[in-house]
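Let me begin by presenting the structure, written as C-alpha cells, before commenting on it.
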Amino acid sequence: TGDEVVTMTATISLNGVERTKTFEFRVIEDVEVNTIADIKANVEVGDNVLIRALVLGLFQEGTYKGYYAYDGTGFIYMHIGTQMPTVEVGKVYQIAGEYDKYYGMPQVAYPTEETELDMTIEWPTPRTVTIDEIIAYTNIVDPNYFSEYITITGTVTYDGTYYYLEDENGDKVELNDDSDISLLIA
C-alpha cells in the first residue's frame, strides 16, 4: 500500500485559553529487509529492495559514482549516478533502491534511502586470488563472481597508456581506467 500521510490535531486548554495545532506525519510502510544473498538468488531486475549493509569502498573517479556494500551474506554495488557518494566507508546503512544488473553485475541503482544505522557488521575477510583466476573470470557468467571482496598480489606497471597489475609470470590485468592509481602504488 505504500507510505501514508497521517494528520494529527492537538488542542491545549489553559486558563480558558485554547490553542489548536495540526501536525502531518509520514508513516513509512513496513518493508522486509533483504539479504544480499537473497537478492541475488530471488529478486528480479526492477524490484525494490531494502538492505542493511556495511560500506566497504567508494567509487568516486570518472563520470559515474557508487559504492560497494556487504551485509554478511554477500557483496553488491550501489550505483548512484554522477553525484559523489554521501556514505562513509566502515559505517552501516539502511539502503533502499531498485535492483538492477549492469553487464551481469548485480547492483542497486539510484538508492532512494541511505540512512546510517547504529549497528555493527564485521568487516569481511577477502578471498585471495591470482591474476590467472581474474583472467578466467571473463568466461564465468555467475553474477557472484562480479561482486566478491578479493585481494590480489602483483606489481603495478604502466605501458605509457594503461596501468596493469602484473604477476611474476607476466600475467597481467588492466586496472580500471577510473581507478585512483595513487591508492594502488605503495
Side-chain angles (χ1 to χ4, degrees), residues 1-126 142-149 176 178-180 182-183:
T1 60
D3 299 349
E4 296 288 334
V5 175
V6 176
T7 303
M8 180 178 79
T9 304
T11 302
I12 298 174
S13 298
L14 180 64
N15 298 328
V17 177
E18 194 172 276
R19 299 277 190 239
T20 301
K21 177 79 176 174
T22 302
F23 302 90
E24 278 194 1
F25 299 94
R26 177 174 301 277
V27 179
I28 306 298
E29 178 183 16
D30 186 20
V31 179
E32 180 182 336
V33 175
N34 305 101
T35 66
I36 292 171
D38 180 57
I39 289 169
K40 290 180 183 179
N42 302 310
V43 173
E44 299 291 326
V45 169
D47 287 351
N48 289 319
V49 296
L50 182 67
I51 303 167
R52 291 186 179 139
L54 172 69
V55 174
L56 297 176
L58 306 178
F59 188 73
Q60 303 177 89
E61 302 294 320
T63 303
Y64 297 102
K65 320 274 190 278
Y67 56 95
Y68 295 93
Y70 169 75
D71 71 347
T73 71
F75 305 88
I76 197 163
Y77 182 70
M78 305 293 170
H79 174 74
I80 59 172
T82 58
Q83 301 298 315
M84 292 299 280
T86 56
V87 296
E88 294 180 43
V89 171
K91 293 190 176 182
V92 176
Y93 292 85
Q94 179 163 291
I95 306 154
E98 186 175 296
Y99 179 66
D100 196 12
K101 289 185 180 179
Y102 182 74
Y103 290 98
M105 183 177 83
Q107 67 177 15
V108 174
Y110 307 101
T112 55
E113 176 189 350
E114 297 171 322
T115 304
E116 186 177 343
L117 300 175
D118 185 21
M119 64 182 286
T120 301
I121 295 176
E122 292 297 319
W123 198 271
T125 301
D142 180 356
N144 290 313
Y145 276 89
F146 297 105
S147 50
E148 280 191 273
Y149 183 49
N176 184 293
D178 289 332
S179 297
D180 183 353
S182 66
L183 296 173

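Quick note: residue numbers are just sequence positions, from 1. Just so you know, these numbers use all the heavy atoms, side chains as well, and skip hydrogens, waters and symmetry mates. Remember, it's a predicted structure, so these values are computed and weren't measured experimentally.
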Side chain to side chain contact (heavy atoms under 4.5 Å, CB included) between Thr22 and Thr7, worked out: CA-CA 7 Å; Thr22 302; Thr7 303; 3.3 Å; yes
Side chain to side chain, Tyr67 and Ile95, heavy atoms closer than 4.5 Å: yes
Contact check, side chains of Trp123 and Leu54, non-hydrogen atoms, under 4.5 Å: yes
Contact summary for Leu50 and Ala96, nearest pair of heavy atoms: CD1-CB, 3.8 Å
Results of side chain to side chain donor-acceptor pair (under 3.5 Å) for Glu88 - residues two or more places apart only: Lys91
4.5 Å side-chain heavy-atom contact, Ile36 and Pro106: no
Residues forming a side-chain contact (heavy atoms from CB on, under 4.5 Å) with Ala41, sequence neighbours excluded: none
Leu58 side chain near Val87 side chain, heavy-atom distance below 4.5 Å: yes
Side chain proximity check, Thr120 to Val92, heavy atoms < 4.5 angstrom: no
Side chain to side chain contact (heavy atoms under 4.5 Å, CB included) between Glu113 and Gln94, intermediate numbers included: CA-CA 7 Å; Glu113 176 189 350; Gln94 179 163 291; 3.1 Å; yes
Minimal non-hydrogen separation, Gly66 against Pro85, with atom names: O-CG, 3.5 Å
Parallel, tilted or perpendicular, as decided by the 30° and 60° cut-offs, for the rings of Tyr68 and Tyr77: tilted
Main-chain N/O of Tyr64 paired to Thr82 side chain as donor or acceptor, under 3.5 Å: no
Those residues that, when tested against Ser13, pass side chain to side chain donor-acceptor pair (under 3.5 Å) (two or more places apart): Glu18
Those residues that, when tested against Gln107, pass side chain to side chain donor-acceptor pair (under 3.5 Å) (two or more places apart): none
Closest non-hydrogen atom pair between Val108 and Gly97, with its separation: CG1-CA, 3.6 Å
Sequence-distant partners of Pro126, side-chain contact (heavy atoms from CB on, under 4.5 Å), two or more places apart: Tyr149, Thr151
Close side-chain approach of Glu116 to Tyr93, heavy-atom, < 4.5 Å: yes
Contacts of Tyr110 that satisfy ring pair (Phe, Tyr, Trp, His ring centres under 6.0 Å) - sequence neighbours left out: His79
Asp71 versus Arg52, closest heavy-atom pair with distance: CB-O, 3.3 Å
Separation of Asn34 CG from Lys40 NZ (nearest 0.5 Å): 13.0 Å
Side-chain heavy-atom pair Ile80, Glu114 within 4.5 angstrom cut-off: yes
Nearest heavy-atom neighbours spanning Gly72 and Ile121: N-CG2, 4.3 Å
Residues in side-chain contact (heavy atoms from CB on, under 4.5 Å) contact with Thr125, at least two apart in sequence or another chain: none
Ile51 side chain reached by Met78 side chain, heavy atoms, under 4.5 Å: yes
Residues in side-chain contact (heavy atoms from CB on, under 4.5 Å) contact with Val43, at least two apart in sequence or another chain: Ile39, Asp47, Val49, Tyr99
With Thr11 via side chain to side chain donor-acceptor pair (under 3.5 Å) - residues at least two apart: Thr20
Lys21 side chain to Arg19 backbone, donor-acceptor under 3.5 Å: no
From Thr73 atom OG1 to Asp38 atom CG, the distance as rounded to the nearest 0.5 Å: 8.0 Å
Nearest-0.5 Å distance, CD of residue Glu98 to CG of residue Asn48: 6.0 Å
